[in-house]
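Okay, structure first, notes after.
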Amino acid sequence: MMDCTVSENGEYLTLDDGSTQTRFHAVWLRDNAWDADTRSAQNGQRLIALRDIPQGTLIRSATLTASRLSVTFGPEEKTVGYDVNWLLQNAYDRQARARAGWTGPGIETWDGKLAERIPAAGFADVQSDPVALKDWLGQIARFGFATLTNGPAEELALMRIVDLFGYVRETNYGRHFEVRTEVNPTNLAYTGLGLQAHTDNPYRDPVPTIQVLYCLESSAAGGENMVVDGFRVAEKLRAENETWFDVLSRYCARFEYSGADGVKLQSRRPMIELAPDGELTGVRFNNRSAAAISDVPFDDMETYYAAYRRMGEIIDDPSMEVTFRLEPGDSFLVDNRRVLHARKGYSGVGKRWLQGCYADMDSLYSKLAALEAAVPEASR
Ligand code: NM2
Ligand code: OGA
Ligand code: ZN
């Protein structure tokens, strides 16, 4: 039996299910009212601003009937109904996290052993089946990458992938770009060189949060792709040496690209990015585009370089990587804030040709959430 008590001064109330007490402040409850004067019935957007809620808002009374909580607020003398389950889902009565570098429950970090269960789907399935699409997007949210196989070996087929969940992020490289050996390459990606595992475009702010790479030809020897979980790399670095994790998250690195006429992209961001509450939100790592590091104080620079070196060693450790070879019609998508991608060098007879483009994770999460709401787990 759930029980509700209001604190003496009316500043908060407590829901008690017999084992857990969950407190909610008066101002928080009032701000999260869902009555027709507070929220638009058409689109759910909030109609009021905080200035419309009196400063000294308090709880006059609260009554619980089944899963409905009715709260009367003063000085407005306004009564609002709440779904208790909604309140518990949005509860915040917990201790602040002590340790930087945490990830939420929706994230599963991985190493090379993920090779046994590479997140994957078939091109035709995600195009035609919303459940298959939901599962594929869900794997990207959880693991930060997934492959998609057996698509058409047709130019611009990668756009049909982006169309499933979002929008292309156009850049100086175009709406899409051709990844193949060129005579005067404006980027080392457009050569047969191997590329160390990296995140793309760290010199951009914000970075594109998705990259899609789609294979059209792969008859040349070599050119396999590898992916590495940058979040697992950060966790490993932190476990080995907390100071190293700290310098890479506290100080900004710098990145730069000016390989084409009229382009001079520059950014100042840490290699390990944390939210203000310590959540691990991103990794930027790209040897080709790292600029002079000039934001680390002299006294910390040696430690910074030791940390940077070790981060690179962890990234290069074969036990951290998942390797696959794209055949024409195969593709993969990475969360470019998290998962690093690499390729082996290729040469000799035959050709290798990929098309790539950027997009963003916000619309992918949105599509995933909408599909989850439309195709509930239980109905599968
Ligand atoms: N390309 C493939 O971030 C990078 O510079 C990697 C990006 C040229 C769009 C290559
Ligand atoms: C890139 C890149 C990898 C590949 O274009 O950003 O990393 O497989 N390419 O060619
Ligand atoms: Zn790349």
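Predicted model, so just to flag it, every value in this text is computed and none were measured. Atoms within a ligand are numbered from 1 in the order they appear, just like the ligands themselves.
At a heavy-atom distance under 4.0 Å, only side-chain atoms of L354, from C-beta outward, approach ligand 2. Under 4.0 angstrom from ligand 1, the non-hydrogen atoms of Y358 all belong to its side chain. Counting heavy atoms under 4.0 Å from ligand 1, residue Y190 touches it through the side chain alone.
Proximity to L195 (heavy-atom distance under 4.0 Å) selects the following atoms of ligand 2: 2 (C), 7 (O), 9 (N). Within the listing of ligand 2, atoms 5 (O) sit less than 4.0 angstrom from a heavy atom of A189. Which parts of ligand 2 touch D200 is read off a 4.0 Å heavy-atom cut-off, strictly below it: atoms 6 (O). The contact set between ligand 2 and H198, taken as ligand atoms under 4.0 Å from a residue heavy atom, comprises 6 (O), 7 (O).
Taking the six-membered ring where the residue is Trp, the centroids of Y358 and F177 are separated by under 6.0 Å. No close placement of the F24 and Y12 rings is indicated, their centers lying 6.0 Å or farther apart. Here F231 and W102 keep their ring centres 6.0 angstrom or further from each other. The aromatic ring centroids of Y308 and W244 lie 6.0 Å or more from each other.
Judged by distance alone, with hydrogens and angles left aside, the side-chain atoms of R284 form no donor-acceptor pair with the main-chain N or O of M271 at under 3.5 Å. Distance alone, capped at 3.5 Å, is enough to place a donor-acceptor pair between the S128 side chain and the A124 backbone. At distances below 3.5 Å, at least one donor-acceptor pair connects side-chain atoms of S219 with backbone N or O atoms of K351.
At the shortest separation from atom 1 (C) of ligand 2 among protein heavy atoms lies Q211 NE2, 3.8 Å.
Shown here is E76, whose CD atom has more than 12 heavy atoms of other residues, nucleotides or ligands within 6.0 Å.
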Residues Y173, Y257; criterion ring pair (Phe, Tyr, Trp, His ring centres under 6.0 Å); working and verdict: CA-CA 12 Å; Y173 298 114; Y257 170 82; 5.5 Å; yes
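Annotation: the span from S218 atom OG to L326 atom CG amounts to 7.5 Å, rounded to 0.5 Å.
Side-chain atoms of M159 and Q355, non-hydrogen and from C-beta on, never get closer than 4.5 Å to each other.
Between N201 and ligand 1, at least one N/O pair is under 3.5 Å apart. Checking only distances, N187 does come within under 3.5 Å of ligand 1, N or O to N or O. Residue Y203 has at least one nitrogen or oxygen atom sitting less than 3.5 Å from a nitrogen or oxygen atom of ligand 1, judged on distance alone.
Taking a cut-off of 2.8 Å, the protein N, O or S atoms nearer than that to the Zn ion (ligand 3) are H198 NE2, D200 OD1, H341 NE2.
Aromatic ring pairs are classed by plane angle as parallel below 30°, tilted from 30° to 60° and perpendicular above 60°; the pair W28 and Y92 is tilted.
In this structure, F177 is part of the shell of residues with a heavy atom less than 4.0 angstrom from ligand 1.
Looking at E224, K344, H341, it is H341 that brings a heavy atom closest to atom 2 (C) of ligand 2.
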